Number of protein chains: 2
Amino acid sequence: MARYEHIAGELRDAIVRGDYPIGAQLPSEAALASRFSASRGTVRQAVAMLVSEGLVGSRQGARRIVLGSERSQSFAELHSFAQWARSVGHQAGGQVIGSRRRSATSGEAARLGIEPGEEVLAVLRLRRLDGEPVLVERTVYASWIAPAVERLDPACESVTQELYETVGLVFAYGEHLIDAVSAGAEDARMLGVRRGSPLLRQRRTTTTQEGRPVECSDDRYRAGSVTFSIRNSHSANSLVRRAGD
Amino acid sequence: MARYEHIAGELRDAIVRGDYPIGAQLPSEAALASRFSASRGTVRQAVAMLVSEGLVGSRQGARRIVLGSERSQSFAELHSFAQWARSVGHQAGGQVIGSRRRSATSGEAARLGIEPGEEVLAVLRLRRLDGEPVLVERTVYASWIAPAVERLDPACESVTQELYETVGLVFAYGEHLIDAVSAGAEDARMLGVRRGSPLLRQRRTTTTQEGRPVECSDDRYRAGSVTFSIRNSHSANSLVRRAGD
DNA sequence: TAGGGCAACTTGTACAAACAAGCGAGACCA
DNA sequence: TGGTCTCGCTTGTTTGTACAAGTTGCCCTA
């Protein structure tokens with residue numbers, strides 16, 4: 001592990017542990033540099049991580065202050081339902097309801113960077129959290145990865161992890177669109193809610209390290225089961241509001 | 001403006017303009033350093049901005065690639081409904097429906113960093129986009145800022161901008177919790193939708209540069225009117241999924 | 001006592017240098 | 001033809017230095 005990652009980890013642990021409560025000042029860069037026997041540049045890189053995570057605030061001339069104390073999730077934990085569930089102490093379950101090859105719609109083609117009509121693999125999954133159905137996942141995979149997906153066990157818990165172990169596929173970048181929709185008939189039946197009841201929808205597109213799109217998905221969470229959380233600041237804002245559809 | 005900000009701006013413009021289409025490689029750090037007559041460190045700081053915005057992907061050993069080409073919003077544009085509407089070419093409107101001082105609930109006190117029962121100012125606003133009601137905003141202000149809020153024009157378009165101009169208040173950090181809820185009776189009446197129809201809820205807490213909480217708010221958008229968008233990656237992830245309530 | 005101003009401290013920006021580590025393409029070999 | 005290996009390129013990490021710019025508290029003065 002890089003030196004700055006180690007320092008960032010130590011500081012993050014200290015904040016989570018409460019050594020630096022919310023509102024408290026962090027030691028100065030010079031003090032941290034001397035404590036960890038590192039240069040100021042390395043310390044700056046470490047605290048920059050915490051700033052981008054929204055854990056600490058930073059402004060020129062003033063000591064850094066603690067803004068929050070909750071451990072944030074890695075990209076993998078966000079992307080993989082099973083890995084996330086495990087990390088927050090819940091049991092993930094679920095199964096494939098349906099899976100078929102068909103030709104891509106124009107929207108899917110645009111998001112996957114392929115030609116409309118090109119073949120894709122559409123998979124419908126129901127995901128459970130501690131036994132309760134909470135998520136309907138409609139995922140469309142690009143054709144080059146489809147064979148590996150079809151070989152998976154239908155009851156496979158973590159698709160992400162399995163694809164990594166079997167073909168070495170790594171999900172590296174994601175775009176997420178979050179809004180609210182009414183439950184359709186199929187959604188309602190699978191999640192055990194009334195038709196028209198609110199669902200939290202997350203449409204995501206994921207790509208490999210090389211920027212090649214792998215999948216796009218329409219995930220619908222039962223209201224109350226899941227909340228998304230974002231921390232941002234004047235200097236770092238990845239959350240964007242968009243009009244309409 | 002700092003040198004690295006200038007370089008980042010040039011590159012961002014080039015990407016948005018299409019000089020570097022999605023999937024294309026960016027010039028190497030050495031090439032950029034020579035083009036802008038800057039050191040490699042400064043160039044790295046510039047591209048780091050683009051990476052954190054999700055516009056560019058980066059991995060050791062390989063040239064950086066373009067992942068997206070949409071201009072992202074500033075923190076101010078995200079925070080202020082009016083500034084956001086203007087930046088995307090729509091007309092923001094709205095008015096204060098009700099405003100009263102009361103004592104803080106325990107949840108509000110925790111989020112504002114005050115004692116339960118301490119006095120706060122609760123404001124209910126209806127916001128319109130191009131004339132259509134799209135957002136019900138229930139904001140609770142800490143008592144120290146309440147007088148300035150009460151002095152505002154009830155039809156004031158941008159509360160954020162007005163508070164900056166009158167008392168110099170700057171919103172610097174925010175935490176956002178996003179989920180879906182059913183419209184209550186009041187929500188439904190104000191937004192012109194049926195009771196129980198889906199709303200996108202954004203609960204946010206905002207603080208000053210010093211980390212002092214200013215307000216917390218429960219914003220409910222009519223389904224279909226607004227979508228939140230986040231770009232993230234293996235190296236930078238500010239989006240977090242949380243269980244239940 | 002109220003106010004301004006100075007001085008120490010702290011973070012931000014920029015440059016230079018060196019090495020580590022991963023990627024990709026072409027050369028080479030079986 | 002197919003696989004491997006090496007070499008050059010590119011990004012990642014670390015240290016050092018210097019100066020700019022903003023904050024904070026103390027001290028001095030009116």
Side-chain angles (χ1 to χ4, degrees), chain A residues 1-11 20 23-52 55-67 168-170 172-173 207-212 233-236, chain B residues 1-11 20 23-52 55-67 168-170 172-173 207-212 233-236:
Chain A
M1 199 198 328
R3 189 104 108 145
Y4 77 91
E5 285 178 300
H6 174 255
I7 297 175
E10 296 269 317
L11 290 175
Y20 302 108
Q25 291 186 338
L26 242 52
S28 72
E29 292 179 359
L32 291 172
S34 120
R35 182 199 302 179
F36 292 104
S37 307
S39 75
R40 198 186 144 210
T42 303
V43 168
R44 278 183 69 77
Q45 212 167 341
V47 293
M49 282 189 77
L50 304 185
V51 169
S52 80
L55 239 49
V56 306
S58 194
R59 52 200 258 262
Q60 187 171 9
R63 287 272 274 272
R64 294 192 175 85
I65 49 174
V66 177
L67 294 174
L169 178 68
V170 175
Y173 305 109
T207 73
T208 65
Q209 291 183 322
E210 296 87 27
R212 173 137 82 143
S233 72
H234 191 64
S235 58
Chain B
M1 202 200 321
R3 191 99 103 118
Y4 77 91
E5 286 179 300
H6 174 255
I7 297 175
E10 296 269 317
L11 291 175
Y20 301 108
Q25 291 186 338
L26 241 52
S28 72
E29 292 179 0
L32 291 172
S34 122
R35 184 200 299 179
F36 292 104
S37 306
S39 75
R40 198 184 146 213
T42 303
V43 169
R44 278 183 69 78
Q45 210 167 344
V47 294
M49 283 189 75
L50 305 184
V51 170
S52 80
L55 240 52
V56 174
S58 194
R59 59 192 180 118
Q60 186 171 9
R63 287 273 275 274
R64 295 193 174 83
I65 49 174
V66 177
L67 295 174
L169 179 67
V170 175
Y173 305 107
T207 72
T208 65
Q209 292 183 322
E210 296 87 26
R212 174 136 83 142
S233 72
H234 191 66
S235 57

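First the proteins, then the strands, lettered A, B, ... as listed; each starts at 1. Side chains are part of it too, since the values below use all heavy atoms of this structure and drop only hydrogens, waters and symmetry mates. Computed from a predicted model, the values in this text were never measured in an experiment.
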Could you state the atom-to-atom distance from CZ of F36(A) to C1' of dT15(D) in whole Å?
17 Å
Once you round it to whole Å, what is the distance between P of dA14(C) and CD1 of I7(B)?
8 Å
Closer to the 5' end of DNA chain D via nearest nucleotide, is it G41(A) or P27(B)?
P27(B)
Would you please confirm or rule out a distance under 4.0 Å between OP1 or OP2 of dT10(D) and any side-chain N or O of R63(B)?
yes
Is there a side-chain contact between L26(A) and V66(A), using heavy atoms and a 4.5 Å cut-off?
yes
As a test of reading the structure: which of dA14(C), dC15(C), dT15(D) is closest to the side chain of A38(B), going by heavy atoms?
dC15(C)
Look at the side chain of Y4(A) and decide which nucleotide, out of dG12(C), dA16(C), dT13(D), has an atom nearest to it.
dT13(D)
Spacing between E5(A) atom CD and dG12(D) atom P, to the nearest angstrom:
12 Å
So what does A30(B) hit on the nucleic acid, given a heavy-atom distance under 4.0 Å: a base, only sugar-phosphate, or nothing?
nothing
Does dG12(D) have OP1 or OP2 under 4.0 Å away from a side-chain N or O of R64(B)?
yes
Grab the CG-C1' distance between L26(B) and dC9(D) for me, whole Å please.
16 Å
Gap between atoms CD and P, on Q45(A) and dT11(D) respectively (whole Å)
16 Å
Any side-chain heavy-atom pair of R40(B) and R44(B) under 4.5 Å
yes
Counting just side-chain N and O atoms, does S58(A) come under 4.0 Å of either OP1 or OP2 of dG12(C)?
yes
Do you know the tightest heavy-atom contact between A8(B) and L50(B)?
O-CD2, 3.9 Å
Using atom CZ of R40(A) as one end and atom P of dA14(C) as the other, report the distance to the nearest whole Å.
14 Å
Residue pair I65(B) / G23(B): nearest heavy atoms and the distance that separates them
CG2-O, 4.2 Å
Contact nearer the 5' end of DNA chain C, comparing S39(B) with Q209(A):
S39(B)
The side chain of E29(B) lies closest to which of these nucleotides: dT23(D), dG12(D), dT14(D)?
dG12(D)
Whole-Å distance separating the CD atom of Q25(B) from the C1' atom of dT11(D):
13 Å
Any heavy-atom pair between the side chains of L32(B) and L11(B) that's under 4.5 Å?
yes
Between R63(B) and S28(B), the two heavy atoms sitting closest are NE-N, 3.6 Å
Under 4.0 Å from OP1 or OP2 of dC15(C): is there any side-chain N or O of R3(B) that close?
yes
Side-chain N or O of Q60(A) versus OP1/OP2 of dA20(D): is the shortest distance under 4.0 Å?
no
Whole Å only: how far is the NE2 atom of H6(A) from the P atom of dT13(D)?
15 Å
Phosphate OP1/OP2 of dG12(C) contacted by R44(A) side-chain N/O (<4.0 Å):
yes
Below 3.5 Å, does any donor atom in the side chain of R59(A) face an acceptor in the base of dG12(C), or the other way round?
no
Think T42(B) has a side-chain N or O under 4.0 angstrom from the OP1 or OP2 of dT13(C)?
no
